[in-house]
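Because the structure is predicted, anything quoted here is derived from the model rather than measured.
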Amino acid sequence: MYISHLSLLDFRSYAAVDVELEPGPNAFVGRNGQGKTNLVEAIGYVATLGSHRVANDAPLVRAGAERAVVRTRIVRGDRASTVELEITPGRANRARINRGQLGRSRDVLGILRTVLFAPEDLSLVKGDPDGRRKLMDQLVVQLLPRAAGLLADYDRVIRQRSALLKSMRALRGPLSGVDMSTLEVWNAKAAQLGAQVLAMRLQVVQALRPEVAAAYDQVSESDGHAELAYRSSLETALSDAARPDDVAGSILPADPRAVPPSAEELERLLLDAMAAMRAQEVERGVSLVGPHRDDLVLVLGGLPAKGYASHGESWSFALALRLASYRLLGGSSPAGAMQESTALPTGLPTPLSTGSTTPRFWNDDFGTGAEPVLILDDVFAELDLRRRVRLAELVAPAGQVLITAAVPDDVPSGLMATRFDVVTGSVTRAA
Amino acid sequence: MYEGAVQDLIDELGRLPGVGPKSAQRIAFHLLAADAADVRRLADALLEVKARVRFCEVCGNVAESERCRVCLDPRRSDEVICVVEEPKDVVAIERTREFRGRYHVLGGAINPIENVGPDDLRIKELLGRLADGRVQEVILATDPNVEGEATATYLARLMVPMGVTVSRLASGLPVGGDLEYADEVTLGRAFEGRRVVGR
């Protein structure tokens with residue numbers, strides 16, 4: 001799919017702007033603070049109903065305006081649809097699809113699919129586990145929209161369970177029978193939902209591993225053996241010996257082709273782990289076991305990327321995570337790229353081929369023209385010339401890729417065929 | 001801010017659920033402009049409801065005497081009890097005219113965040129009603145959210161060992177709607193709870 005038209009009203013720095021976009025690469029060039037990122041932020045908002053930069057909507061509306069309007073025309077296969085989104089801070093957003101009535105904004109989800117890489121993504125490598133958990137959970141939801149309800153329910157169960165643990169801690173005495181049986185109910189719910197979340201995450205990580213390894217090698221032009229591992233609070237709870245903090249456990253099979261544990265198996269393990277941790281949990285008044293305490297460990301050449309990787313390596317890893325997500329969501333890969341991958345054991349089937357043996361909770365067939373729009377915000381400035389050229393080759397086959405850059409020379413000429421100059425809230429197509 | 005009595009009324013109205021400051025102001029001025037007789041009727045209704053209405057000592061539903069209308073009705077079956085969170089859920093189920101058994105109103109759901117535990121709900125009373133062995137089935141009709149599900153699980157764990165059949169309301173598609181308009185969570189639940197039509 002691709003976006004053929006974007007128009008903004010009172011969005012961030014833009015009073016009103018209209019942009020006609022082309023399939024394939026589109027580059028937005030302009031000095032810092034001119035509004036390049038605002039354009040891709042608006043597009044990302046239509047896809048996810050959230051900004052990649054801020055958690056609340058107030059900064060999205062131009063100072064003095066009441067609401068912002070983002071209108072996009074999305075072409076998928078030989079069909080076009082228009083999505084108009086009205087963003088009013090403090091109120092429910094409303095959306096109009098094609099020429100229909102203004103309705104719930106939620107109905108917009110799924111019409112436009114994007115994968116966005118932004119400088120903020122560096123925190124995927126260097127930041128807290130929270131960001132990496134979000135990355136996994138967002139992929140799960142993009143692959144299976146129903147999982148959004150599951151994740152919300154799990155979150156609610158954990159908050160209820162933690163509230164109960166806190167009140168048990170406040171009592172300080174021996175635990176009453178009613179408290180114990182209530183806790184058991186919440187344990188059962190947390191284990192049941194948590195196991196489903198965990199099982200889906202593990203399947204996503206398994207599918208992501210070969211893609212991340214390949215993408216990292218391509219953008220870094222090395223074979224740094226970028227690997228993913230999953231550190232589960234489950235294993236910390238069930239193993240007697242204290243594990244060194246940087247070593248990931250074996251809940252995720254070492255072999256990227258192996259089948260990860262099923263939800264049923266994980267549910268049993270979670271119940272055991274909660275039983276083992278009961279005293280500690282009551283003492284601290286916190287839920288210590290479950291996917292909300294887990295981490296996706298990024299490993300580079302056998303060492304955790306967090307703390308060990310250089311700035312450039314961290315940058316490449318973050319980019320590789322997004323490019324891998326792009327392919328997992330049905331993005332096209334450059335011809336021959338997969339065969340070049342050296343991080344994979346030889347004789348492995350091409351990732352995402354139809355002969356995949358590991359079970360997947362999602363349907364790989366996203367439909368014709370469903371390929372997501374790839375957005376690369378300010379990525380080329382951080383790369384040296386050779387890596388820029390490699391990345392350009394990598395994204396050239398994408399159905400549509402939107403690029404922002406402050407310095408035009410940073411972007412390889414192959415991606416500059418459709419170029420827009422962004423100057424203080426106006427966007428003009430360069431001849 | 002308005003003078004004395006008007007502002008007092010706006011403040012009181014604003015404390016009602018679902019009434020914001022703007023609505024409170026609108027209602028207050030509506031009352032100010034209304035007939036004295038109309039306003040008196042409203043005031044009487046408010047006082048009356050506090051004076052007359054109490055809770056049924058058997059099921060916990062709203063009642064005007066010691067027992068509610070449902071518990072007093074001799075035509076209803078004593079073999080089935082439907083457990084709900086609030087009296088308004090009784091009204092909702094009564095509207096279906098499907099259910100001919102009795103009710104039990106818990107007065108909420110287990111909710112540690114709001115500091116509501118099993119002891120704060122009318123669970124002992126429910127177990128008491130099962131003691132004489134006449135009740136064959138208990139239908140758990142708590143809300144289909146996290147708290148309602150947890151409450152249902154808690155009750156099921158208590159009651160199944162007592163030898164009573166425990167069932168839970170199904171969740172799924174709204175009747176008369178279009179499949180394509182169902183949200184993914186509901187549709188997913190409907191798939192999970194599908195029934196075999198024949199084989």
Around [X], counting heavy atoms of other residues, nucleotides and ligands shown, do more than 12 lie under 6.0 Å from its [atom1]?
X	atom1	result
B:D132	CG	yes
A:R94	CZ	no
A:R169	CZ	yes
B:R69	CZ	no
A:R73	CZ	no
B:F29	CZ	yes

Apply side-chain contact (heavy atoms from CB on, under 4.5 Å) to the pair B:I110 and A:V185, showing each step before the final yes or no. CA-CA 10 Å; B:I110 297 176; A:V185 168; 5.7 Å; no

Distance, nearest 0.5 Å, that separates OG1 of A:T182 from CG of B:D119: 7.5 Å

Spacing of A:E184 atom CD and B:R157 atom CZ [to the nearest 0.5 Å]: 6.0 Å

State whether the side chain of A:Q160 and the backbone N or O of B:I113 hold a donor-acceptor pair below 3.5 Å, judged by distance alone. yes

Checking B:V146 against A:Y154 for the side-chain contact (heavy atoms from CB on, under 4.5 Å) test, could you report, in this order, the C-alpha distance in whole Å, the side-chain angles of both residues, the deciding distance, and whether it holds? CA-CA 8 Å; B:V146 162; A:Y154 177 69; over 6 Å; no

Interchain contact, B:N111 with chain A, by part (heavy-atom threshold 4.5 Å): both

Please classify the contact of A:R106 with chain B as side chain, backbone, both or neither, using a heavy-atom distance under 4.5 Å. side chain

